[in-house]
Amino acid sequence: MQRKPVICLVMATLSEAKPFIKGLSLIRTSVKPFPIYRAGNIIAVISGIGKANSAMATAYACMESDPGLFVNLGAAGATDASLPLGANLHINRAVEYDRPEEGSKAPHEHTPDVLVGFPLAAVATLDRPTLKVSERRKLAKVTQLADMESAAFIQACRTFGKKCYVFKFVTDTPAHAGGSDIVLNIEKYRDRFLDFFLRSALPRL
């Protein structure tokens, strides 16, 4: 019988990860340098917020466990009003607006692996939260979402030659961009996001 590949889930915060830890019956196996949970062929790593944390956690998991593939899961903000709160999306492109291409003013772009049959979206990855409506309006010209991890996660996976997928759920829009709103909406929609992952995404990986 062919063994299932080890799948590593990378999530920024424990708040986003809690339903996955419970739903997948994951047991914590380490605390430092990153909290790691495991059950069967599933590993979950809590990276912390931001590009540097995401890249370091992904690289650490590569070297420690050598998973067959990686999945970045978590919250993202909508750049305009076209996406509703709680929408589940599959990322097909991550754009670093604060990192221009060498020899060009164009922002650096990263392309993850993509599964057919999911609603797709591009995400802008920045080193700080995108809370101002004016900032989101600029990003909306090119991407539907904004986050702080996707691009770095993809880059780390590509560096180690790993397949990688990204799924996000919308926790804020230009009308719901306050920090407290985001926290509440993560708690409100994270169980639905877990259900989407277990029913629709995980069986395809």
Side-chain angles (χ1 to χ4, degrees), residues 7-13 16-17 20 44-55 57-58 61 67-80 82-99 101 106-130 135-136 138-173 182 185-186 189-190 192-205:
I7 299 172
C8 182
L9 313 180
V10 180
M11 290 170 274
T13 67
E16 293 161 290
F20 290 82
V45 182
I46 312 302
S47 67
I49 296 171
K51 289 193 287 186
N53 283 329
S54 184
T58 302
L69 62 91
F70 283 76
V71 188
N72 180 230
L73 301 162
T79 56
D80 61 26
S82 64
L83 293 173
L85 291 172
N88 299 314
L89 299 154
H90 191 18
I91 301 304
N92 62 356
R93 185 166 55 94
V95 182
E96 285 188 89
Y97 278 86
D98 48 4
R99 179 189 173 194
E101 290 278 9
H108 197 84
E109 296 192 7
H110 304 266
T111 305
D113 294 288
V114 177
L115 299 170
V116 176
F118 292 95
L120 301 176
V123 63
T125 300
L126 301 99
D127 265 326
R128 56 183 174 76
T130 308
E135 292 178 335
R136 295 198 187 209
K138 292 178 182 178
L139 298 179
K141 296 176 181 179
V142 183
T143 68
Q144 295 80 46
L145 298 173
D147 81 343
M148 298 176 67
E149 292 84 30
S150 294
F153 162 80
I154 298 167
Q155 182 178 0
C157 287
R158 295 310 189 208
T159 298
F160 284 86
K162 297 294 184 179
K163 295 186 70 174
C164 61
Y165 302 90
V166 182
F167 292 92
K168 297 289 179 176
F169 68 108
V170 177
T171 55
D172 52 292
T173 72
I182 296 171
N185 286 330
I186 287 174
Y189 294 107
R190 64 188 180 184
R192 184 189 301 180
F193 184 54
L194 168 67
D195 186 63
F196 158 78
F197 178 74
L198 294 180
R199 290 177 179 271
S200 301
L202 185 58
R204 304 270 307 277
L205 297 175

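Quantities reported herein were computed from a predicted structural model and do not represent experimental measurements.
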- Please report the closest heavy-atom contact between F118 and A201, naming both atoms and the distance. CZ-CA, 3.9 Å
- Task: Please check if any side-chain donor atom of D147 sits under 3.5 Å from a side-chain acceptor atom of T125, or the reverse.
- Result: yes
- Query: Are any of the side-chain heavy atoms of T111 and I154 separated by less than 4.5 Å?
  - Reply: no
- Item | Heavy-atom donor-acceptor pair, R158 side chain to F153 backbone, under 3.5 Å | no
- Query: Are the aromatic ring centres of F193 and F167 under 6.0 angstrom apart?
  - Reply: no
- Task: Quick one: pull up OH in Y189 and CZ in F196 and give me the separation to the nearest 0.5 Å.
- Result: 16.0 Å
- side-chain hydrogen bond (donor to acceptor under 3.5 Å, both in side chains) partner of R136, chosen from D80, D172, T173, T79: D172
- I49, CD1 atom: more than 12 neighbouring heavy atoms under 6.0 Å: no
- Nearest-0.5 Å distance, CD1 of residue I46 to CG of residue N53: 12.0 Å
- From the options T143, I91, L89, L139, select the one residue that forms a side chain to side chain contact (heavy atoms under 4.5 Å, CB included) with V123. I91
- For the pair K168 and E16, find out whether any cationic side-chain nitrogen is under 4.0 Å from an anionic carboxylate oxygen. no
- Task: Can you measure from CD1 (I186) to CZ (F169) and round to the nearest 0.5 angstrom?
- Result: 5.5 Å
- Message: Assess whether a salt bridge exists between E149 and K51, defined as any Lys/Arg side-chain N lying under 4.0 Å from an Asp/Glu carboxylate O.
- Response: no
- Note on the structure: Between T58 and C157, the two heavy atoms sitting closest are CG2-SG, 3.7 Å
- Hey, could you give me the CG/CE distance between L126 and M148, rounded to the nearest 0.5 Å? 8.5 Å
- Note on the structure: Closest non-hydrogen contact found for V114 with Y165 is N-CE2, 3.9 Å
- Do L85 and T171 come within less than 4.5 Å of each other through their side chains, counting heavy atoms only? no
- Does the T159 side chain pair with the main chain of Q155, one donor and one acceptor, at a distance under 3.5 Å? yes
- Message: Looking at every non-hydrogen atom in both residues, tell me the closest pair between A55 and A156 and how far apart they are.
- Response: O-CB, 3.9 Å
- Query: Hey, does the side chain of H90 reach the backbone of L115 with a donor-acceptor pair shorter than 3.5 angstrom?
  - Reply: yes
- Task: For S47 and A12, work out which heavy atoms get closest and say how close.
- Result: OG-CA, 3.5 Å
- Note on the structure: The residue among L73, N72, V71, V45 that forms side chain to side chain contact (heavy atoms under 4.5 Å, CB included) with M11 is L73
- Item | Nearest-0.5 Å distance, CG of residue D113 to CG of residue N92 | 12.0 Å
- Query: Hey, does the side chain of K163 reach the backbone of G68 with a donor-acceptor pair shorter than 3.5 angstrom?
  - Reply: no
- Message: Quick check: F20 with F197 (ring centres under 6.0 Å apart)?
- Response: yes
- Note on the structure: Nearest heavy-atom contact between R204 and V116 is NH2-O, 2.7 Å
- Query: Side chains of E96 and E109: does their closest heavy-atom pair fall under 4.5 Å?
  - Reply: no
